[in-house]
Amino acid sequence: MDALRSIRGMNDILPTEANHWQFLENRVAELLERYGYGELRLPLVEPTALFSRSIGEVTDIVEKEMYSFEDRNGDSMSLRPEGTAGCVRAAIQNNLIANPCRLWYSGPMFRYERPQKGRQRQFHQIGAEIFGYATPDADAELIILLARLWRVLGIADAVSLEINSIGSLEARAAYRAALVSYLEQHRDALDEDSQRRLLTNPLRILDSKNPDTQALLNDAPALEDYLDEESMEHFAALRSYLDTAGVSYTVNPRLVRGLDYYNKTVFEWVTDKLGAQGTVCAGGRYDGLVQQLGGRATPGVGFAMGLERLLLMLEVCGQLPEAKAPDIFVVTSGPEAQQAAIAALEHLRDAQPALRIVQQLGGGSFRSQMKKADRSGATLALLWGEDEVAAGEVTVKPLRDGQEQVRLPLVSLAQTIPSLLQQHSH
RNA sequence: GUGGCCGUAGCUCACCGGGUAGAGCACCGGAUUGUGACUCCGGAGGUAGCGGGUUCAAGACCCGUCGGCCACCCCA
């Protein structure tokens with residue numbers, strides 16, 4: 001019988017890697033809490049309509065990338081392809097937006113795409129949203145927080161910030177019409193994908209990777225010429241906050257985003273170190289979304305970062321934490337010694353809860369147990385044999401620095417171990 | 001959804017249309033019967049992704065399929 005496999009693009013995270021995940025998740029969570037964000041834990045499955053109404057009916061995400069199905073009641077539901085929609089839904093449903101608030105969430109997202117580097121079908125994001133402030137200081141806080149995060153993670157030199165304003169809904173609609181009208185006159189010069197986007201999502205043509213298309217865009221109407229006064233002021237204020245905070249950025253007038261709900265500010269942190277999937281974190285403002293999803297009109301702004309991509313960044317930048325070796329590896333010889341060791345180790349764990357203590361299971365010759373002790377990377381080996389049991393003692397052998405082993409009375413083990421570890425760790 | 005490259009031991013990879021498919025690392029045992037690392041000796045581990053075809057002969061060539069990687073697309 002063929003062994004079953006995980007679904008394509010949905011990967012197991014193995015222990016070594018899980019350490020890296022914990023490291024990253026802990027750093028991000030600590031920082032968000034420091035800025036006063038509260039965690040929200042959200043369902044992985046939501047009504048399909050939540051996503052089609054927020055992300056946009058004709059976006060690729062909704063049209064061909066969602067895992068949608070009917071439950072036994074016949075209701076259409078979907079695995080969430082992103083986090084903002086669910087967060088907004090929860091904020092409305094639980095009336096979190098009665099007052100302004102800062103929220104964050106994390107977890108797996110699902111999109112049916114062809115897997116490649118930095119892109120899988122189940123991927124993980126941490127996102128944060130601010131509700132209730134129309135002012136650009138909210139946009140600035142998020143971006144400044146992120147700049148700090150990259151410094152904390154040691155990847156600040158490898159990412160750069162691009163920002164843009166896509167204006168109000170009305171400004172964007174006017175611009176879209178002008179852009180489409182221009183591009184339709186040059187339809188034949190457009191690449192195939194952009195011709196398709198002309199009908200579905202014309203603004204996305206702006207960040208096409210096709211050089212001919214980009215050349216054509218040089219003479220196209222510019223988004224910034226269509227911006228409304230309020231959006232321009234908002235954008236100028238944001239830039240000034242960033243300047244003051246010392247956050248450097250480039251204004252990319254062709255930066256749009258794939259999701260329909262954005263207005264005014266959009267931003268992306270990008271890198272050239274991850275191949276084709278260079279966006280590590282992205283976000284923007286969505287002042288109409290809460291109302292669109294049935295809540296009282298409430299401005300919002302937020303971001304999401306891709307954890308798989310950030311882990312790749314940490315690896316590239318040499319910022320992953322070292323594997324955790326045990327502090328102590330326990331070797332025993334004979335059944336009496338094993339009995340004595342089990343009892344003694346539980347006392348030690350009571351007295352020193354922070355220690356990582358690994359006991360050899362399944363017996364084996366003393367020699368092979370010692371080999372395992374060495375391979376484990378432990379700082380100290382604790383050795384119990386007949387002699388030690390008879391004497392009520394234990395042998396402590398340093399494994400890393402070539403120092404001599406010592407024998408201790410069992411009763412003093414718990415209090416002596418910390419200084420021995422200190423002394424012999426490399 | 002489209003295209004390119006790739007599937008041989010747990011891992012990294014060799015091989016050559018013709019003998020029983022190899023190496024390094026890892027693993028197990030021993031040299032050292034209570035002491036790891038360095039060294040030496042031995043061992044286990046493979047239906048060559050799967051299915052079909054060509055051939056006297058296929059792991060190798062062809063087709064299909066599944067999987068992986070990369071790019072397009074999409075986006076975190």
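This is a predicted model, so every value here is computed, not measured. Hydrogens, waters and symmetry mates play no part in the numbers below; they use all other heavy atoms, side chains included. Chain naming here is simple, since letters A, B, ... match the order of the sequence lines and numbering starts at 1 in each.
- Across the protein-nucleic acid pair, Glu113(A) atom CD and rU2(B) atom P stand 16 Å apart, rounded to whole Å.
- Of the two residues near RNA chain B, Ser365(A) and Val280(A), the one whose nearest nucleotide lies more 5' is Ser365(A).
- As a whole-Å value, the separation of Leu310(A) CG from rA76(B) C1' is 8 Å.
- Contact annotation for Leu307(A): no contact, since no heavy-atom pair falls under 4.0 Å across all strands.
- The interatomic distance linking Leu380(A) (CG) with rG36(B) (P) rounds to 17 Å, in whole Å.
- In this structure, Gln292(A) contributes its side chain and Arg53(A) its backbone to a donor-acceptor pair below 3.5 Å.
- Summarising the geometry, the separation between CH2 on Trp104(A) and P on rA76(B) is reported as 19 Å, rounded to the nearest angstrom.
- Taking the P atoms as reference points, rA58(B) lies 13 Å from rA48(B), given to the whole Å.
- At most 12 heavy atoms of other shown residues, nucleotides or ligands fall within 6.0 angstrom of atom CD in Glu386(A).
- Among the nucleotides rA76(B), rG36(B), rC74(B), the one closest to the side chain of Arg197(A) is rC74(B).
- Classification of Arg119(A) and Glu113(A) as a salt-bridged pair holds, one side-chain N sitting under 4.0 Å from a carboxylate O.
- On the P atoms, rC16(B) is 23 Å away from rG10(B), given to the nearest whole Å.
- Rounded to whole Å, the C1' atom of rG3(B) lies 33 Å from the corresponding atom of rG46(B).
- Taking atom C1' on both nucleotides, rG18(B) is separated from rA57(B) by 7 Å, rounded to a whole Å.
- Partner assigned to rU39(B) is rA31(B), using Watson-Crick or G-U wobble distances below 3.5 angstrom.
- If you check every strand for non-hydrogen atoms under 4.0 Å, Glu192(A) touches nothing.
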Assign a letter to each nucleotide of nucleotides 38-46 of chain B from its 5' end: B, base within under 4.0 Å of a protein heavy atom; S, sugar-phosphate only; -, no contact.
-> ---------
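- When both pairing distances are held under 3.5 Å, rU65(B) makes a Watson-Crick or G-U pair with rG49(B).
- Going from atom CG of Asp401(A) over to atom P of rG36(B) covers 16 Å, rounded to whole Å.
- Atom CZ of Phe51(A) and atom C1' of rC74(B) are 17 Å apart (whole Å).
- No engagement by Ala373(A) is indicated, since no non-hydrogen atom pair under 4.0 Å with the nucleic acid exists.
- With rounding to whole Å, Met10(A) atom CE is found 13 Å from rG67(B) atom P.
- The partner of rU55(B), taking Watson-Crick or G-U wobble pairs whose two distances both stay under 3.5 Å, does not exist in any strand shown.
- Panel note: side chain Asp327(A), backbone Arg356(A); a donor-acceptor pair is recorded below 3.5 Å.
- Enclosure of atom CD in Gln185(A) by more than 12 non-hydrogen atoms of other residues, nucleotides or ligands within 6.0 angstrom is indicated.
- When both pairing distances are held under 3.5 Å, rG3(B) makes a Watson-Crick or G-U pair with rC70(B).
- Judged by distance alone, with hydrogens and angles left aside, Gln369(A) brings no side-chain donor or acceptor close enough to the base of rG34(B) to form a pair under 3.5 Å.
- Glu268(A) comes within 4.0 angstrom of nothing in the nucleic acid, heavy atoms only.
- A donor-acceptor distance shorter than 3.5 angstrom exists from the side chain of Asn210(A) to the backbone of Asp212(A), with no hydrogens or angles considered.
- Atom NE2 of His186(A) has more than 12 neighbouring heavy atoms from other residues, nucleotides or ligands inside a 6.0 Å radius.
- Atom CZ of Arg257(A) is separated from atom P of rC74(B) by 12 Å (rounded to the nearest Å).
- Asn263(A) and Ser168(A) are not linked by any side-chain donor-acceptor pair at a separation below 3.5 angstrom, with hydrogens and angles left out of the test.
- In this structure, Ser208(A) and Pro398(A) both approach RNA chain B, and ranking their closest nucleotides by distance from the 5' end singles out Pro398(A).
- Of all nucleotides listed (rC74(B), rG30(B), rG67(B)), rG67(B) comes nearest to the side chain of Arg5(A).
- At a threshold of 4.0 angstrom between heavy atoms, the contacts of Ser368(A) are confined to the sugar-phosphate backbone, with no base atom among them.
- In this structure a side-chain-to-backbone donor-acceptor pair under 3.5 Å is missing from Thr250(A) to Asn252(A).
- On the P atoms, rU47(B) is 12 Å away from rA21(B), given to the nearest whole Å.
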Trace of the salt bridge (charged side-chain N to carboxylate O under 4.0 Å, His left out) decision for Arg89(A) with Glu46(A) | CA-CA 9 Å; Arg89(A) 193 228 82 231; Glu46(A) 297 275 6; 2.5 Å; yes
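- Residue Glu404(A) is out of contact with every strand shown, counting any heavy-atom pair closer than 4.0 Å.
- Counting only heavy atoms from C-beta on, Ala282(A) has its side chain closest to rA76(B) among rU35(B), rA76(B), rC74(B).
- Here Arg121(A) lies out of heavy-atom contact (under 4.0 Å) with every strand.
- Comparing rG17(B) with rG30(B), their P atoms are spaced 43 Å from each other, to the whole Å.
- If you check every strand for non-hydrogen atoms under 4.0 Å, Lys64(A) touches nothing.
- Of the N and O atoms on the side chains of Glu308(A) and His124(A), at least one donor lies less than 3.5 Å from an acceptor on the other residue.
- A distance of about 36 Å separates the P atoms of rC74(B) and rC11(B), rounded to the whole Å.
- A donor-acceptor contact closer than 3.5 angstrom links the side chains of Glu129(A) and Tyr105(A).
- The nucleotide rA23(B) finds its pairing partner in rU12(B), both defining distances of the Watson-Crick or G-U wobble pair being shorter than 3.5 Å.
- Look at the P atom in both rG67(B) and rC73(B): the space between them is 24 Å, to the nearest Å.
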Using a cut-off of under 3.5 Å, enumerate the N/O to N/O pairs linking the protein to nucleotides 69-71 of chain B.
residue: rC70(B); atom: OP2; partner: Lys117(A); partner atom: N; Å: 2.4
residue: rA71(B); atom: OP1; partner: Ala276(A); partner atom: N; Å: 2.9
residue: rA71(B); atom: OP2; partner: Gln116(A); partner atom: NE2; Å: 2.9
residue: rA71(B); atom: N7; partner: Gln116(A); partner atom: OE1; Å: 3.4

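- Atom OH of Tyr67(A) is surrounded by more than 12 heavy atoms from other residues, nucleotides or ligands within 6.0 Å.
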